[in-house]
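In what follows, every heavy atom counts, from backbone to side chain, and hydrogens, waters and symmetry copies are set aside. Throughout, a chain's letter reflects where its sequence line sits, starting with A, and its residues are numbered from 1.
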2 protein chains.
Amino acid sequence: MTVGKPEVEGKVTVVEVAKAAGVSVSAVSRAFNPNASISEKLRKKVLAAAETLNYKPNRLARGIKSRSSLIGILVTDFNNPFYMPVLSAFTTEIQKRNCHSLLINVDGDMDISEAVELVMEYNVDGLIITSASLPKELVEACRVKKTPVTIFGRTSSDNSVTEISCDNIAAGQMAADMVLNAGYVRPAFVGGPVGTTASLDRQRGFVGQLLARGCQTWQVVEGGEFSYTAGFEATLRLYRGSECPDAIFFADDIMACGGMDAIRQELGLHIPDDVGIVGVDDIQLASTKAYDLSTIRQPYLEMVQATINALFERIANPEMSPQSVTLPCEAVSRGSLKPVN
Amino acid sequence: MTVGKPEVEGKVTVVEVAKAAGVSVSAVSRAFNPNASISEKLRKKVLAAAETLNYKPNRLARGIKSRSSLIGILVTDFNNPFYMPVLSAFTTEIQKRNCHSLLINVDGDMDISEAVELVMEYNVDGLIITSASLPKELVEACRVKKTPVTIFGRTSSDNSVTEISCDNIAAGQMAADMVLNAGYVRPAFVGGPVGTTASLDRQRGFVGQLLARGCQTWQVVEGGEFSYTAGFEATLRLYRGSECPDAIFFADDIMACGGMDAIRQELGLHIPDDVGIVGVDDIQLASTKAYDLSTIRQPYLEMVQATINALFERIANPEMSPQSVTLPCEAVSRGSLKPVN
DNA sequence: CTGTTAGCGCCTTCAA
DNA sequence: TTGAAGGCGCTAACAG
């Protein structure tokens, strides 16, 4: 009825292809399954027929019994620019493996538990959770359902679920070294969401290293969340106190950017001469001339790779036990710290 | 066998629930379908049984015959921060309607056509495409399959598919007015990806209004893509020429930020005194103190709403004809332009 | 309003 | 290796 591919009116299913190719439906099914036993000749014939009919297997129907080829991605912090390239990398990697991403936004009224139950309704082959931990009973539920889960950017004590993150304690230590090496003497730490292991570990590493190197004049304030505004306001609060720091380590870059703007625009201080700044992540913004932010880079591409690898390994082999990975961070020196002389 | 919900070993399906509730499977099915005819009493009974068994309908099985409750989202420009809140809003709105997002990254080697064919394999109920147009034959394919499509952030001449965008021509005009009203006399336009209607329309509106108000001393350069780097480099190119502009209108905010950094850091000029800057979008970055960028805001939340509304209307009523919407933009004055006196 | 039954499109035993 | 047949979990006629 049209040009090119014979646009079929009705649905084209295995039955139509089988008919056209003069074979059985199971032959068609097998032709489309990589690890089914079928002769090259038959497969060719089927594929040819499928081509002319413009047949595509229905993934939903397939997913009922076997793999859905759906990977659930639960995102909890959509406002943090850090997750944009992360999400991009996840979808790319997932697509490379002929699977696709069911993206769930866990920001609003939905909580992690609901989200997990939800994706289960789609029979996802695997589940990625960004920066949030999983209640014990959900871990168990996933285990029963044999759905591999990987948590990105978070570590917990127990290893009943595979977690990929960077070494946040080392990140804090590196930040301390950068600050002290540049000659600052009254550093402060501005924390992210309270209770987040990422933020806590960075704080612990930072303070620990300050103490180890004999620095006693430090302070800590809470930011409350990973956001520009939180960094901005925490910084103002910091300078309302009596002990004004000469360097600040922010729990992440977007907070650091907020803090830098507070320092320059509201407090009228100079970076890096009056105050030195360090963040964590190395988001795109950090490398702009406007911020030129020294930071501890999270190797997010490697983290994504590791996450995907771990996930698909366990999809292929569900009996495999969870295996966590912690990747090293890297210090990136830019103009927000005085040069080391 | 455990605490709380009776963790069932085997799969729990309509059959088990029906058995437990002492009803038929169709009763169970109906209990979970909003617009099925079933007495409140029966539904209660079924729901109770389902609750104790911890039953959840299998969406894939359901999707085979009727709605999959999957909405495909095709994203072409994952690097532009503008799309982060957009994506967040899309997922939120879709989830509000008890559907979920199948996110496809069309950045890499995959093109729109492949992506569309792909989501079709998942029987998506609807399809959202961000900032890319759809080849004619795909429009037809979607029509045949009765899958509603909505294009976000783009307009084309033909109205065979519903498109939601903002008034880019008016945006360009507003930018021209802002620039001229602030007293600049040699404005330039820096374009985005060549051939994009959004960029072209902004340019057309901008230049048109300049001419209408008697300004003849303008110029146009190509940026090539919506990115920080593209804006940065196009700006340097601009100032290598003989005609140095005293104001620049960038095709979008992220380009404008790149341009601002080039102007301040590389060229040593002052904003807004030496050069005035205007962008389009009003991304988060634009309102930071570091950039404080005057811009033409795209009403992205309203655009998302309109997109979702149009999409779900057509899902509910597939015979409805496509209907495009163009929303007004809003000028946002900040420090990157001299104040109007 | 409710139950029975026949598919949806595919995969996967089971024989041949 | 191939084909025939019986599900997978759910929905949608069709009866009652």
**Q** By ring pair (Phe, Tyr, Trp, His ring centres under 6.0 Å), which residues pair with B/Tyr300, not counting sequence neighbours?
**A**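 With sequence neighbours excluded, B/Tyr300 shows a ring pair (Phe, Tyr, Trp, His ring centres under 6.0 Å) to no residue whatsoever.
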**Q** Between side-chain atoms of residues 14-29 of chain B and protein atoms elsewhere (two or more places apart, or another chain), which donor-acceptor pairs fall under 3.5 Å?
**A**
unit_1  : atom_1 : unit_2  : atom_2 : d
B/Glu16 : OE1    : B/Thr13 : N      : 2.7
B/Glu16 : OE1    : B/Thr13 : OG1    : 2.8
B/Ser24 : OG     : B/Ser26 : OG     : 3.1
B/Ser24 : OG     : B/Ala27 : N      : 3.2

**Q** With each end axis built from five pairs of C1' atoms, what bend angle do you get for the helix from C/dC1-D/dG16 to C/dA16-D/dT1? Round to 10°.
**A**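 The value is 30°.
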**Q** Check DNA chain D against residues 35-49 of chain B and give the residues with a non-hydrogen atom under 4.0 Å, in numerical order.
**A**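 The stretch gives none, as no residue of it lies under 4.0 Å from the strand.
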**Q** Going by distance alone, is a donor N or O of one side chain under 3.5 Å from an acceptor N or O of the other, for A/Asn105 and B/Thr92?
**A**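 Their side chains do contain a donor-acceptor pair, which is all the 3.5 Å distance test asks for.
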**Q** Considering residues at least two apart in sequence or located in another chain, which fulfil the side chain to side chain contact (heavy atoms under 4.5 Å, CB included) criterion with B/Glu313?
**A**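 Partners of B/Glu313 under the side chain to side chain contact (heavy atoms under 4.5 Å, CB included) test: B/Met320.
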**Q** Tell me every residue that passes ring pair (Phe, Tyr, Trp, His ring centres under 6.0 Å) with A/Phe312, counting only those two or more places apart in sequence or in another chain.
**A**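 Residues passing ring pair (Phe, Tyr, Trp, His ring centres under 6.0 Å) with A/Phe312: none at all.
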**Q** Could you note down all residue pairs passing side-chain hydrogen bond (donor to acceptor under 3.5 Å, both in side chains) where residues 318-327 of chain A supplies at least one of them, sequence neighbours left out?
**A**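 Applying side-chain hydrogen bond (donor to acceptor under 3.5 Å, both in side chains) to every pair that reaches into residues 318-327 of chain A, excluding sequence neighbours, yields nothing.
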**Q** Taking salt bridge (charged side-chain N to carboxylate O under 4.0 Å, His left out) as the test, write out the residues that go with A/Lys56, two or more places apart.
**A**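 In terms of salt bridge (charged side-chain N to carboxylate O under 4.0 Å, His left out), with neighbours along the sequence ignored, A/Lys56 is linked to B/Glu117.
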**Q** Could you work out, with salt bridge (charged side-chain N to carboxylate O under 4.0 Å, His left out) as the rule, every residue matching B/Lys44, not counting sequence neighbours?
**A**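 For B/Lys44, no residue satisfies salt bridge (charged side-chain N to carboxylate O under 4.0 Å, His left out) once neighbours in sequence are set aside.
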**Q** Side chains of A/Asn123 and A/Ser68: do they bring a donor and an acceptor to under 3.5 Å?
**A**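 Note: A/Asn123 and A/Ser68 side chains miss the donor-acceptor criterion.
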**Q** Are B/Glu121 and A/Arg59 ion-paired here, with the side-chain N under 4.0 Å from a carboxylate O?
**A**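 Looking at B/Glu121 and A/Arg59, the cut-off is met.
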**Q** For B/Phe152, enumerate each residue passing the ring pair (Phe, Tyr, Trp, His ring centres under 6.0 Å) test, keeping only those at least two apart in sequence or located in another chain.
**A**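 Only B/Phe90 meet the ring pair (Phe, Tyr, Trp, His ring centres under 6.0 Å) criterion with B/Phe152.
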**Q** For atom CG of B/Asp109, decide whether the heavy atoms of other residues, nucleotides or ligands shown that lie under 6.0 angstrom number more than 12.
**A**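 It does not: B/Asp109 CG has 12 such atoms or fewer within range.
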**Q** What nitrogen or oxygen pairs link the protein and nucleotides 8-11 of chain C at under 3.5 Å?
**A**
unit_1 : atom_1 : unit_2  : atom_2 : d
C/dC10 : OP1    : A/Tyr55 : OH     : 2.7
C/dC10 : OP1    : A/Asn58 : N      : 2.9
C/dC10 : OP2    : A/Val14 : N      : 2.7
C/dC11 : OP1    : A/Asn33 : OD1    : 3.2
C/dC11 : OP1    : A/Arg62 : NE     : 2.6
C/dC11 : OP1    : A/Arg62 : NH2    : 3.2
C/dC11 : OP2    : A/Ser29 : OG     : 2.8

**Q** First and last nucleotide of DNA chain D touching chain A, 5' to 3', heavy-atom cut-off 4.0 Å?
**A**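 So the contact region on DNA chain D extends D/dT1 to D/dC8.
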